[in-house]
Amino acid sequence: SDWLLNAATRGDVDIIQALLEAGFYVDVRDGFGSTALMHAAMVGGTDTVEYLLSQGANLYAKNRYGYDALYYAKLQHHSGTANAIADARKQAASINRDLLARTYPLLATGEVDEAKVLIQKALRKDPHDVVAHLLTGYVLILQREYQAAIPELHIALKQLSRRADVHNYLGLALFYSSHPDASFTEFREAIKREGNRIRYRHDLASALETTGHVKEAVEEYRRIVDIYPKNQEAIGWYARSLQFAGRNDDAIAQIKKGL
């Protein structure tokens with residue numbers, strides 16, 4: 001491993017190529033967790049950096065101090081090297097946008113495994129892509145791996161906290177992982193951001209009803225009917241919740257209203 005790191009520091013691309021062809025790992029680290037890319041960036045080895053990136057070096061790898069290659073290039077005022085790394089990040093982000101855009105029709109048609117392959121490819125390009133983490137969480141929910149979905153959605157939430165869908169997915173993952181109170185909070189956050197979405201209100205109402213919060217569930221179903229008074233499905237949910245709460249006359253009235 002020292003051979004590759006030393007070659008990166010010297011800027012000896014031929015030796016690096018030979019070592020990689022011999023099976024050396026491109027992201028090998030020294031005792032401080034710094035990679036060959038970081039070593040090349042520290043000395044302003046732009047050609048070396050570009051070659052390592054072409055061989056799949058991790059753009060976003062950080063050492064034990066939390067610093068990455070771009071940080072060291074800027075620290076040493078190697079503007080050409082810093083620009084090369086920044087441009088590579090922009091290119092990776094563009095590739096990721098294309099990859100992730102292709103996942104949506106796959107998910108819509110139930111081709112979850114195919115979508116998962118594209119999402120994983122995007123995460124290899126950029127481990128910090130929050131949309132890729134969001135989609136990973138969503139896929140895990142579809143596959144009923146609720147506990148595994150929670151950390152992925154927490155990563156997404158750090159930068160996408162204004163998005164209602166992130167809160168709703170996290171609510172689902174928490175609920176089915178036996179954290180109902182935390183799930184109610186997330187469902188309500190989703191509703192706060194997009195209160196007219198039936199799905200968000202229904203998920204909260206259903207969770208409340210399942211956990212015995214019958215009166216609160218009835219109120220949530222009523223709010224759905226208030227927003228969508230002609231929606232037959234919403235009227236049915238409300239009537240069923242009224243019946244479950246022992247309000248049979250009100251339930252019958254709702255059923256008649258929907259006829």
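Computation of the quantities below employed the complete heavy-atom set of this structure, encompassing side-chain atoms and omitting hydrogens, waters and symmetry-equivalent molecules. The shown structure was predicted, so the numbers you read here are calculated from the model rather than taken from an experiment.
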Give a yes or no on whether the ring-centroid distance for His213 and Phe184 is below 6.0 angstrom. yes
His202 meets the ring-ring contact (aromatic ring centres under 6.0 Å, His included) criterion, sequence neighbours left out, with Trp237
Sequence-distant partners of Glu186, salt bridge (charged side-chain N to carboxylate O under 4.0 Å, His left out), two or more places apart: none
Checking the side chain of Asn6 only, and the main-chain atoms of Asp2 only, is there a donor and an acceptor separated by less than 3.5 Å? yes
Go through the structure and list residues passing salt bridge (charged side-chain N to carboxylate O under 4.0 Å, His left out) with Asp68, not counting sequence neighbours. Arg89
With a cut-off of 3.5 Å and sequence neighbours excluded, list every side-chain donor-acceptor pair involving residues 99-111.
unit_1 : atom_1 : unit_2 : atom_2 : d
Thr103 : OG1    : Leu100 : O      : 2.6
Thr109 : OG1    : Pro105 : O      : 3.0
Thr109 : OG1    : Leu106 : O      : 3.2
Thr109 : OG1    : Glu111 : OE2    : 2.7

Shared-cluster residues of Ile155, by chain and number - hydrophobic side chains joined below 4.5 Å: none
For residues 170-181, please give each side-chain donor-acceptor pair under 3.5 Å, one per line with the distance, not counting sequence neighbours.
unit_1 : atom_1 : unit_2 : atom_2 : d
Ser177 : OG     : Gln147 : N      : 3.3
Ser177 : OG     : Ala173 : O      : 2.7
His179 : NE2    : Ser177 : O      : 3.4

Atom of Ala122, atom of Ala132 and distance for their closest heavy-atom approach: CB-CB, 4.4 Å
Gln91 CD: over 12 foreign heavy atoms closer than 6.0 Å: no
Would you compute the distance between atom CD of Glu189 and atom OH of Tyr200 and round it to the nearest 0.5 angstrom? 13.0 Å
Please report the closest heavy-atom contact between Ala217 and Ala205, naming both atoms and the distance. CB-O, 3.5 Å
State which residues pass side-chain hydrogen bond (donor to acceptor under 3.5 Å, both in side chains) with Arg240; sequence neighbours excluded, sorted by chain then number. Glu209, Tyr221
What residues, two or more places apart in sequence or in another chain, satisfy salt bridge (charged side-chain N to carboxylate O under 4.0 Å, His left out) together with Asp203? none
Are there over 12 heavy-atom neighbours, none belonging to Tyr67, within less than 6.0 Å of that residue's OH? no
Answer with yes or no whether the side chains of Tyr71 and Asn63 bring together a donor and an acceptor at under 3.5 Å. no
Acceptor/donor pairs from residues 37-46 side chains to any protein atom, 3.5 angstrom cut, sequence neighbours excluded:
unit_1 : atom_1 : unit_2 : atom_2 : d
His39  : ND1    : Thr9   : OG1    : 3.1
His39  : NE2    : Asp30  : OD2    : 2.9
Thr46  : OG1    : Thr81  : N      : 3.4
Thr46  : OG1    : Thr81  : OG1    : 2.8

Hey, is the main chain of Ser161 close enough, under 3.5 Å, to the side chain of His167 for a donor-acceptor pair? yes
So does Asp129 pair up with Lys125, basic N to acidic O under 4.0 Å? no
Value for NZ (Lys215) from CD (Glu220), rounded to nearest 0.5 Å, stands at 15.5 Å
Across all chains, not counting sequence neighbours, the side-chain hydrogen bond (donor to acceptor under 3.5 Å, both in side chains) partners of Glu194 are Arg197
I'd like to check the salt bridge (charged side-chain N to carboxylate O under 4.0 Å, His left out) partners of Arg124; sequence neighbours left out, ordered by chain and number. none
For residues 48-59, run the donor-acceptor check on the side chains, cut-off 3.5 Å, and write out each pair with its distance to 0.1 Å, sequence neighbours left out.
unit_1 : atom_1 : unit_2 : atom_2 : d
Ser54  : OG     : Tyr51  : O      : 2.6
Asn58  : OD1    : Tyr60  : N      : 2.8
Asn58  : OD1    : Ala61  : N      : 3.3

